[in-house]
Amino acid sequence: MFTLTDDQRAIAEAAREFADEHLAPHAVTWDQTKHFPVDVLRKAAELGMGGIYIREDVGGSELSRFEAALIFEALATGCPSIAAYISIHNMTAWMIDVFGDEAQRSRWLPRMCTMEDLGSYCLTEPEAGSDAAALRTRADRDGDDYVLNGVKQFISGAGASQIYIVMARTGEPGPRGISAFVVEGGTDGMSFGPNEVKMGWNAQPTRQVILENVCVPAANLLGGEGDGFRIAMRGLNGGRLNIGACSLGGAQFALDRTVTYLGEREAFGAKLLKSQALQFKLADMVTELEAARTLLWRAAMALDAGAADTVELCAMAKRFATDAGFEVANSALQLHGGYGYLAEYGIEKVVRDLRVHQILEGTNEIMRLIISRGLTGAA
Amino acid sequence: MNIVVCVKQVPDTATERKLRSDDKTLDRDAADGVINELCEYAVEEALLLKEAHGGEVTVLTMGPSKATDTIRKALAMGADKAVHLVDDALHGSDALSTSYAMAQTLKTIGFDVVILGSESTDARTGLLAAMLAERLGVPQLTQANKVDIDGTAIAIQRLTDYGHDKVEASLPAVVSVVEKINEPRYPSFKGIMAAKKKPVQTLGIAEAGIDASQVGLAGAWSEVVDFAAAPPRAAGTIVTDQGDGGTGAAEFLASKKFI
């Protein structure tokens with residue numbers, strides 16, 4: 001069932017080589033200096049990472065979501081924060097590819113696939129997180145335009161991005177009154193909050209996006225009025241897989257480092273790796289990761305196939321992989337002793353980066369809500 | 001322009017490399033086969049020349065059947081097609097007989113310019129470019145860190161201790177490159193997917209016009225008589241500085257006849 005083809009192996013290898021050369025050596029510095037390496041993102045786009053599952057006619061790589069999962073895991077071994085930003089960018093581009101018309105696709109996607117233009121996904125608001133359908137940002141029709149007003153919270157890439165997909169209310173309260181708009185950077189009335197001071201994910205900016213009488217042509221509406229919430233949720237299914245894959249990659253890096261460290265470090269007259277207690281711990285860590293990977297691949301294949309249980313499987317995979325990834329990374333820190341706590345070893349950064357994966361793209365509590373709804377049939 | 005880039009599969013330098021005890025040739029099963037690093041620079045230069053001047057890039061590999069992995073990597077980077085010279089009779093060929101087999105193949109497939117890395121990480125003879133040029137009767141422009149082609153004129157720059165040499169010739173020609181010449185591209189995902197659809201022509205020695213008596217172990221002009229594993233690295237000498245560190249270091253260097 002889960003045997004990779006030669007092409008899939010080659011794709012994962014190319015992403016891993018890129019991560020080894022262009023991400024891993026700089027990850028700790030980027031974290032410490034809060035540097036968003038846009039030049040490196042554009043280099044990644046030369047491999048096809050700007051539009052991994054975007055159609056070829058606009059410059060995408062047109063790969064499957066399963067192949068994307070392989071790519072995000074490989075990238076995250078170098079830096080989970082950058083891998084996760086590339087996921088968000090791809091999710092944004094995918095929404096335009098799938099829900100945009102031909103004019104919208106050809107207008108925005110070619111530059112997104114080369115990452116000359118970066119994308120940001122703007123759903124969450126200061127007072128609407130898990131309950132996203134309660135969002136308050138308004139879009140009022142004014143002739144051929146819409147006028148947007150509101151504040152979006154925790155927006156990855158904000159300030160550096162050119163393409164913002166903003167979910168705003170055009171109608172009734174609740175999910176059916178929400179529409180999705182493409183707002184270009186530099187539009188009058190759009191401004192940004194300060195770069196948030198965060199526990200992790202420091203290699204990408206997180207800011208508020210503030211919309212004050214932002215005038216957007218009706219041609220920037222994705223789908224029809226009232227389609228916004230559905231579009232936002234559809235995007236998140238794949239986004240959850242990608243984030244799960246980013247957790248796997250970060251944790252795999254931490255585990256690999258731990259095996260090396262235990263093989264070198266001596267205590268009480270023997271290498272730590274000779275300790276059966278630690279061997280058992282490593283066995284549990286790799287088993288958890290493999291179980292997470294297997295579930296994630298299964299969910300990715302369901303998404304590719306359009307299976308009926310895709311939403312629940314993506315939620316399960318996200319919940320399981322991000323929890324397992326954090327636990328494994330945290331154990332790796334413990335097994336490194338005091339050195340794990342030092343930035344230089346790169347482990348504590350991964351722990352901080354992976355912690356937020358349990359919160360974003362839908363908290364793991366919301367994942368349980370989705371899973372249980374599928375189980376009980378409750379709305 | 002018909003550009004042929006010679007690409008070799010070598011054992012991964014990150015793993016332990018061995019010779020076989022029976023016929024003293026490389027043990028290809030002992031390590032993963034990867035593309036020779038300098039060959040990636042040669043492929044990149046071939047692709048840059050094609051992008052500047054048009055034409056077609058053909059990968060030429062002599063090696064066992066598992067060398068197809070290496071061919072696919074070069075195709076994924078963007079080469080158009082490949083020729084794989086593969087024949088059991090070639091096993092054990094030395095540099096001289098390899099150059100003969102490659103030259104015969106090049107005569108068969110035709111070329112305007114042949115590009116190759118200046119040496120491989122396994123045999124490290126660094127001889128192939130010169131031997132190929134002699135056998136083909138065309139100019140050799142070796143150790144290039146810059147290549148310019150203008151019509152049928154070709155010029156390369158070769159870094160030296162005193163600056164650089166400029167070497168000029170006319171096509172057809174053989175060029176070998178060093179790692180300073182460019183930065184090899186990664187294969188794109190699209191390139192990887194496209195690679196398996198690109199034509200790979202497999203040639204045996206008869207089809208390439210190669211005389212079996214001039215290749216393989218029996219046809220080799222040089223012979224590996226004996227070999228031994230590299231001795232494990234001995235512990236280094238530590239000179240502790242107690243005010244006389246300079247003297248201690250100098251005495252050590254003198255004992256090794258460095259000074």
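Values below: all heavy atoms of this structure, side chains included; hydrogens, waters and symmetry mates excluded. Just so we're on the same page: letters track the sequence lines, and every chain starts at 1.
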Within a reach of under 6.0 Å around [atom1] of [X], are more than 12 heavy atoms found that belong to other residues, nucleotides or ligands?
X	atom1	answer
B:Glu37	CD	no
B:Asp241	CG	yes
A:Lys274	NZ	no
A:Arg257	CZ	no

Enumerate donor-acceptor pairs with a distance under 3.5 Å from any side-chain N or O in residues 173-180 of chain B to protein atoms, sequence neighbours excluded.
{"unit_1": "B:Ser176", "atom_1": "OG", "unit_2": "B:Gln143", "atom_2": "N", "d": "2.8"}

- Task: Any chance you could measure B:Tyr186, atom OH, to A:Glu21, atom CD, to the nearest 0.5 Å?
- Result: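 It comes to 3.5 Å.
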
Grab the two heavy atoms, one from B:Ile192 and one from A:Asp7, that are nearest each other, plus how far apart they are.
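So the minimum-distance heavy-atom pair works out to O-OD1, 3.7 Å.
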
Can you give me the closest heavy-atom contact between A:Ala14 and B:Pro187, atom names plus distance?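 For A:Ala14 versus B:Pro187, the nearest heavy atoms are CB-O, 4.2 Å.
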
Under 4.5 Å from a heavy atom of chain B, the part of A:Leu63 involved
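Contact with chain B: side chain only.
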
Let's go through A:Asp6 and B:Lys196 carefully: what are the C-alpha distance in whole Å and the side-chain angles of both, what is the deciding distance for salt bridge (charged side-chain N to carboxylate O under 4.0 Å, His left out) to 0.1 Å, and is it a yes or a no? CA-CA 10 Å; A:Asp6 286 347; B:Lys196 67 165 180 276; over 6 Å; no

### Query
Is a salt bridge present between B:Arg72 and A:Glu13, judged by a nitrogen-to-oxygen distance below 4.0 Å?
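Looking at A:Glu13 together with B:Arg72, the answer is no, because their closest N to O distance does not fall below 4.0 Å.
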
Under 3.5 Å, side-chain donor or acceptor atoms of residues 37-51 of chain A against the rest of the protein: list the pairs with distances, not counting sequence neighbours.
{"unit_1": "A:Arg42", "atom_1": "NE", "unit_2": "A:Met115", "atom_2": "O", "d": "2.9"}
{"unit_1": "A:Arg42", "atom_1": "NH2", "unit_2": "A:Glu116", "atom_2": "O", "d": "3.1"}

As an exercise: rank B:Ser188, B:Ala195, B:Ala76, B:Gly191 by heavy-atom pairs under 4.5 Å with chain A and give me the winner.
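Top count of heavy-atom pairs under 4.5 Å with chain A: B:Ser188.
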
I'd like to know which of A:Glu56, A:Glu67, A:Gln8 tops the heavy-atom pair count under 4.5 Å against chain B.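 Highest number of pairs under 4.5 Å: A:Glu56.
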
